[in-house]
Amino acid sequence: MLHTFHIPVLGLGFSVDTPLKVARYGVSSVLSIVDDELIERMREYHSKINFYQFLPISKSVADYRSKRIKSYLNFLNEVINWQFKRLKNLEFVKDNDLSRYFELLPETSKLKHGYDLMLEYPEGETKKAFQNVLRKAMKVGSIDVNIMAKVDKMNYVNEEYTGDINTDALAALRGFAESNLSASVILSAGMNPKLYSYMENFKDFFPDDQGKLKKKVILKVSDFRSALIQAKFLAKKGLWVSEFRIESGLNCGGHAFATEGYLLGPILEEFKIKKNEMFAELFAMYQIALAQKNILFETKRKQRISVQGGIGTAKEHNFLLKYYNLDATGWGSPFLLVPEVTNVDADTLAQLANAKQSDFYLSGASPLGIQFNNFKNSTIELQRKERIEKGRPGSPCTKKYLCNNTEYTEQAICTASREYQHLKIKSLKALALSKDDYQKQFNLVTEKTCLCEGLCSSAYLKYNITKPKENKAVAICPGPNLEYFSNIYSFDEMVGHIYGKINLLEHVERQHVFIKELNLYIDYLQEDIKKQLQTFSDKKRKQLNSFKSQLSEGINYYNNLFIELTDQASVQLRELAISKGKLDNIVIE
């Protein structure tokens, strides 16, 4: 990889076509393949503006979901390779796309050094030969995809179950596996043994005659233990994890998978200490599994480790890479303020650019029952409240990707749906609860929001392709880190900021990424205690004390770390002491 950062998946629609905008410059990015309807509409839109023939794949076609995903990924691959080839054939002229490719590279890049050296050469054959060497060394960014492993709805036709291989996650994987991409699938949101086992059916996940993998597996993880368990499961099937993408439990966008008090710094330290041992153990299992499948190769596999979630400055980016021996960092939420890269509609973009710290919050809005990073000024939040005021809480459920509740129905329905909320509220009324208890339960039910439509609306609005009567309310899920960025930026500016060429946060007071996450976890603990006030069991008390103890150990780790990093010691140690005092004052009784 020429760049030391990647752009993670951003909701459903925000990064669905990001590779079309950044891959030709060597930057890798990730798109979600959850929503095949969104993907089909993006293929139609981009086919028209790129003068490609568009042949729709209707829902009446057998296996339409995987075919839509496969067709879109093949389309992206073809267009991006054309973009890249065209870019490479340009002359080295100031401010054109070819020069931009090299100017975006970090100053530490050997290719950037070569480019700078070439510029000093006088015109002539030697300079042209040098330029051709540079062209040959250029690489296109990867078109990677994300599958939330446990978002795996069962599907029915005329009330008949269509079978395990047609569940949402497996059909999405099939679309990726059968595409002509040479890229990675990022598996997130926990382990799905059925999905992991299904990968064995596709040859692209196994080495070819030269030992190369056309399709790679990346695990998004929040701690070392879960990473090792999942990787072992895959290695025993001859499937190699090419990268562990470590994400902060709370200091991230989208769904927040809080750990049991394990902080990012200690987690990275564990990977740093144990990664060689882990590699050896996994590689031995992998070789045995491949031998059993009669796949022989001599290539030594590589295993990258990256981190994402709340990184905000070039100093943090460089520190994480060097201190923990990482291969890359992920920058997600800041790119929501880069219209060249992501699909944020004009109104939401203006709201984000002018947002305050209090506008970003952790919510219970997700129908998955997982904490969700939310934005108070989103139009879908306003719509949700309006529907409650009108006595019609909940959303029409048109896409059904998040249907997982069978409390009142035989087939699963979504907890954000009008159907579920009507049934749930009716059952609450029958319980004869006190006014306060009823309101508390009512709020929990009606907090759920339709993410299937909300996380796509922004893309449709930006490209002016909304359909008549289609819900235009936008849901957006930035991480807390976005509170520090208060402008709309160009792609060059954001990349320059990541690499320290410019500083977009020069006059902004900002907590270190580790301190920020620590405080988010302390707040999370306090909220969890509040929720338990009336039902405080011994088991929960033990869990909360363990959580607090882990945070305390994390503070000790950071204390030693910041003393070691003398250039940061005074400020960070002072902030750490404040956080420690806050944690010490929490009494779990």
Side-chain angles (χ1 to χ4, degrees), residues 4-6 8 188 218-232 241-252 256-282 302-331 479 481 511-522 524-525 546-577 579-580 583:
T4 54
F5 80 96
H6 60 262
S188 64
I218 294 175
L219 291 181
K220 189 191 288 187
V221 296
S222 55
D223 63 78
F224 183 85
R225 180 176 172 274
S226 68
L228 185 58
I229 289 170
Q230 292 181 73
K232 280 183 176 181
V241 174
S242 295
E243 182 179 335
F244 293 102
R245 197 159 280 187
I246 304 160
E247 183 172 67
S248 167
L250 292 179
N251 197 12
C252 60
F257 296 88
T259 66
E260 288 298 315
Y262 298 102
L263 298 172
L264 191 58
I267 290 167
L268 290 172
E269 186 72 31
E270 188 172 10
F271 272 91
K272 179 181 176 180
I273 293 169
K274 296 180 179 179
K275 68 178 180 180
N276 290 335
E277 178 186 340
M278 174 176 65
F279 178 92
E281 184 179 4
L282 292 175
K302 292 182 179 179
Q303 202 163 57
R304 289 164 52 88
I305 298 178
S306 62
V307 64
Q308 59 196 45
I311 305 162
T313 66
K315 193 171 185 179
E316 289 177 351
H317 170 77
N318 291 325
F319 158 68
L320 291 166
L321 293 179
K322 292 175 183 177
Y323 189 84
Y324 294 105
N325 301 321
L326 302 176
D327 296 283
T329 65
W331 288 65
N481 190 38
Q511 291 181 329
H512 187 278
V513 59
F514 286 165
I515 303 290
K516 176 68 176 180
E517 189 204 43
L518 168 63
N519 288 327
L520 289 170
Y521 266 97
I522 293 172
Y524 182 88
L525 175 62
S546 175
F547 192 101
K548 181 182 176 183
S549 177
Q550 286 298 336
L551 293 183
S552 185
E553 286 184 26
I555 288 173
N556 292 335
Y557 170 84
Y558 287 146
N559 194 69
N560 294 330
L561 175 68
F562 291 132
I563 289 172
E564 181 182 340
L565 304 172
T566 52
D567 62 322
Q568 299 182 30
S570 58
V571 176
Q572 312 305 349
L573 288 173
R574 186 164 61 249
E575 290 184 345
L576 200 60
S579 299
K580 185 178 186 302
L583 180 66

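Because the structure is predicted, anything quoted here is derived from the model rather than measured.
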Side-chain H-bond candidate by donor/acceptor type, Glu243 with Ser306, under 3.5 Å: yes
Heavy atoms of other groups near Lys275 NZ, more than 12 under 6.0 Å: yes
CD on Glu247 to OG1 on Thr259, rounded to 0.5 Å: 12.0 Å
Interatomic spacing from CD in Gln308 to CZ in Arg245 - rounded to 0.5 Å: 6.0 Å
Gap between atom CG of Leu576 and atom CD1 of Ile515 - 0.5 Å precision: 4.5 Å
Ring-face cation contact, Tyr323 with Lys272, 6.0 Å cut, 45° max: yes
Within 6.0 Å of CZ in Phe257, more than 12 heavy atoms from elsewhere: yes
Phe547 and Leu551, any side-chain heavy atoms less than 4.5 Å apart: yes
Salt-bridge criterion met for Glu270 and Arg225 (N-O under 4.0 Å): no
Qualifying residue for side-chain contact (heavy atoms from CB on, under 4.5 Å) with Thr329, from Asn318, Leu321, Val513, Thr4: Leu321
Pairwise side-chain contact, Phe271 with Met278, heavy-atom cut-off 4.5 Å (strictly under): yes
Ring geometry between Phe319 and Phe514 (parallel below 30°, tilted from 30 to 60°, perpendicular above 60°): perpendicular
Interatomic distance, Glu316 atom CD to Lys516 atom NZ [nearest 0.5 angstrom]: 12.0 Å
Counterpart residues, side chain to side chain donor-acceptor pair (under 3.5 Å), relative to Gln230 (two or more places apart): Tyr196
Test of ring centre spacing under 6.0 Å for Phe562 and His512: yes
Taking every non-hydrogen atom, the tightest pair across Ala231 and Phe244: CB-CZ, 3.7 Å
